[in-house]
Amino acid sequence: MGGTIAAAAVGVAAFGSISSAAVGSDIHSSLTIIAPAAAGGGWDTVAREMQQAQRANGLSANVQVVNMPGAGGTIALGNLSTLAGQANTMLVGGTGLLAATIQYGSDATLDDVTPLAVVFEEYDVIVVPADSPYETLDDLVEAWRADPKSIPWTGGGSFDQLVVTDLALAAGIEPTQTTYISSDGGGEAVAALLNGTAQAATGGYPDNIDQIESGRLRALAIVAEEPIAGIDIPTAREQGYDITLANWRMLAAPDGLSEEETTGLGDLVADTLATPEWAAAVDRYHWTEQVITGEELDDFLVEERDRIARLYEEMGQ
């Protein structure tokens with residue numbers, strides 16, 4: 001309870017900052033980007049790369065990033081939902097935030113804000129220690145299927161557990177019978193693999209690439225619809241396991257905006273994505289550009305919500 005109260009206090013403090021920044025200015029003179037997690041994480045990285053791209057290209061004169069951690073991003077989402085009509089605030093979100101609204105049953109959902117765009121996808125890889133007896137994904141799945149509790153899995157967050165659940169279902173394994181050890185971030189998940197606490201893991205490709213290239217981890221599959229150019233890892237789908245859940249990132253604004261304001265924010269996002277600074281970030285972090293807007297975005301979010309809700313049901317949550 002103490003942690004929840006502390007997280008809420010952070011949210012309230014940041015909310016005051018956002019409110020004052022939003023008064024009497026348009027998006028090209030003042031903009032706040034909320035990262036719904038602590039500094040240094042994936043959402044924070046997106047927010048700060050957008051800030052840098054906008055500053056460098058004069059897209060907004062005063063861009064600030066506010067970190068608002070807590071409850072998988074739902075504290076920040078709840079605060080954004082109270083800023084109806086204030087156009088110069090954006091929230092970074094994505095698969096993890098959508099999952100958190102389901103997992104925690106949060107009062108605020110993406111229906112209470114204005115989704116602007118999905119901007120890229122990041123794919124999980126399925127990895128084992130380099131000295132693991134499992135040379136292929138089939139090797140791992142066969143051992144897992146024979147005794148589901150004997151293969152302890154880990155991952156850096158709730159999204160990674162969803163990927164494990166999706167793989168279990170594709171392999172004909174009951175998700176509630178699996179052993180999953182939650183880790184606090186990708187670094188802790190890698191450590192659990194290397195010290196023997198876990199035998200397999202799913203995690204973002206950027207979080208694991210150094211360990212894969214150094215030879216400390218063996219990549220068995222990447223969870224993507226199609227092979228990724230420049231990444232020499234077969235997809236799970238290619239190996240007979242039709243799992244394609246992507247860790248996408250999106251931007252949202254408060255509800256209650258005019259059509260002109262919504263269009264203006266959408267144009268600002270598009271202009272940001274077109275900058276060389278953003279292109280450099282995409283390359284640096286191994287993101288896969290995937291821009292979804294408009295009615296396509298609305299349909300996409302409904303489909304993803306239904307898909308993730310089904311996975312939580314399979315997990316018994």
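Computed over heavy atoms, backbone and side chain alike; hydrogens, waters and symmetry mates excluded.
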**Asked** In terms of the angle between their ring planes, are Trp278 and Phe120 parallel, tilted or perpendicular, with boundaries placed at 30° and 60°?
**Response**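 The rings of Trp278 and Phe120 sit tilted, inter-plane angle from 30° to 60°.
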
Evaluate whether atom CG of Asn195 has more than 12 neighbouring non-hydrogen atoms of other residues, nucleotides or ligands under 6.0 angstrom away.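 It does: Asn195 CG has more than 12 such atoms within range.
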
- Message: Atom CG of residue position Asp107 - does it have more than 12 heavy atoms of other residues, nucleotides or ligands inside 6.0 Å?
- Response: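 No.
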
Hey, are Thr235 and Glu238 close enough side-chain-wise for a donor-acceptor pair under 3.5 Å?
->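 Indeed, the side chains of Glu238 and Thr235 share at least one donor-acceptor pair under 3.5 Å.
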
*Does the side chain of Glu260 pick up a donor-acceptor pair with the side chain of Ser258 at under 3.5 Å?*
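Side chains of Glu260 and Ser258: no pair found under 3.5 Å.
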
Open item on the list: Under 4.0 Å between a side-chain nitrogen and a carboxylate oxygen: does that hold for Arg216 and Asp131?
Closed with: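 Salt bridge between Arg216 and Asp131, a charged N being under 4.0 Å from a carboxylate O: no.
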
- Query: Can we say Arg307 and Glu304 salt-bridge, meaning some charged N sits less than 4.0 Å from an Asp/Glu carboxylate O?
  - Reply: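 Salt bridge: yes.
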
Is a donor on one side and an acceptor on the other found under 3.5 Å between the side chain of [X] and the backbone of [Y]?
{"X": "Ser132", "Y": "Val128", "result": "no"}
{"X": "Asn208", "Y": "Gly204", "result": "yes"}
{"X": "Ser60", "Y": "Ile27", "result": "yes"}
{"X": "Asp207", "Y": "Gly203", "result": "no"}
{"X": "Thr154", "Y": "Ile181", "result": "yes"}
{"X": "Asp26", "Y": "Ser29", "result": "yes"}
{"X": "Asp299", "Y": "Glu296", "result": "no"}
{"X": "Glu135", "Y": "Leu220", "result": "no"}
{"X": "Asn79", "Y": "Ala76", "result": "no"}

Which value, rounded to the nearest 0.5 Å, describes the distance between [X] atom [atom1] and [Y] atom [atom2]?
{"X": "Glu142", "Y": "Ile151", "atom1": "CD", "atom2": "CD1", "answer": "11.5 Å"}
{"X": "Thr202", "Y": "Asn247", "atom1": "OG1", "atom2": "CG", "answer": "10.5 Å"}
{"X": "Met68", "Y": "Leu91", "atom1": "CE", "atom2": "CG", "answer": "8.5 Å"}
{"X": "Asp112", "Y": "Asp255", "atom1": "CG", "atom2": "CG", "answer": "7.0 Å"}
{"X": "Glu225", "Y": "Thr244", "atom1": "CD", "atom2": "OG1", "answer": "5.0 Å"}

Query raised in the report: Looking only at heavy atoms, what is the nearest atom pair of Ala130 and Arg218, with distance?
Result: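 What the structure gives for the nearest pair is O-NH2, 2.5 Å.
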
Practice prompt. Please assess Leu98 against Trp248 for the test side chain to side chain contact (heavy atoms under 4.5 Å, CB included), listing each intermediate value before the final yes or no.
Written response: CA-CA 10 Å; Leu98 176 55; Trp248 41 268; 3.9 Å; yes

Name all pairs fulfilling the salt bridge (Lys or Arg N to Asp or Glu O under 4.0 Å) condition that reach into residues 41-57, sequence neighbours left out, sorted by first residue then second.
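Qualifying pairs: Asp44-Arg48, Glu49-Arg284.
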
Any side-chain heavy-atom pair from Thr293 and Leu116 closer than 4.5 angstrom?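 Of all side-chain heavy-atom pairs linking Leu116 with Thr293, none is under 4.5 Å.
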
#### Entry: Student check: side-chain heavy atoms of Val119 and Leu273 closer than 4.5 Å
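Yes, close enough: below the 4.5 Å cut-off.
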
Apply side chain to side chain contact (heavy atoms under 4.5 Å, CB included) to residues His28 and Asn88 and explain how you reach the verdict. CA-CA 9 Å; His28 295 291; Asn88 54 344; over 6 Å; no

* Does the side chain to side chain contact (heavy atoms under 4.5 Å, CB included) test come out yes or no for Leu169 and Glu314, once each step is laid out? -> CA-CA 9 Å; Leu169 292 171; Glu314 294 288 352; 3.7 Å; yes

Item to complete: Determine, stepwise, if the pair Val127 / Tyr205 fulfils side chain to side chain contact (heavy atoms under 4.5 Å, CB included).
Response: CA-CA 10 Å; Val127 293; Tyr205 177 71; over 6 Å; no

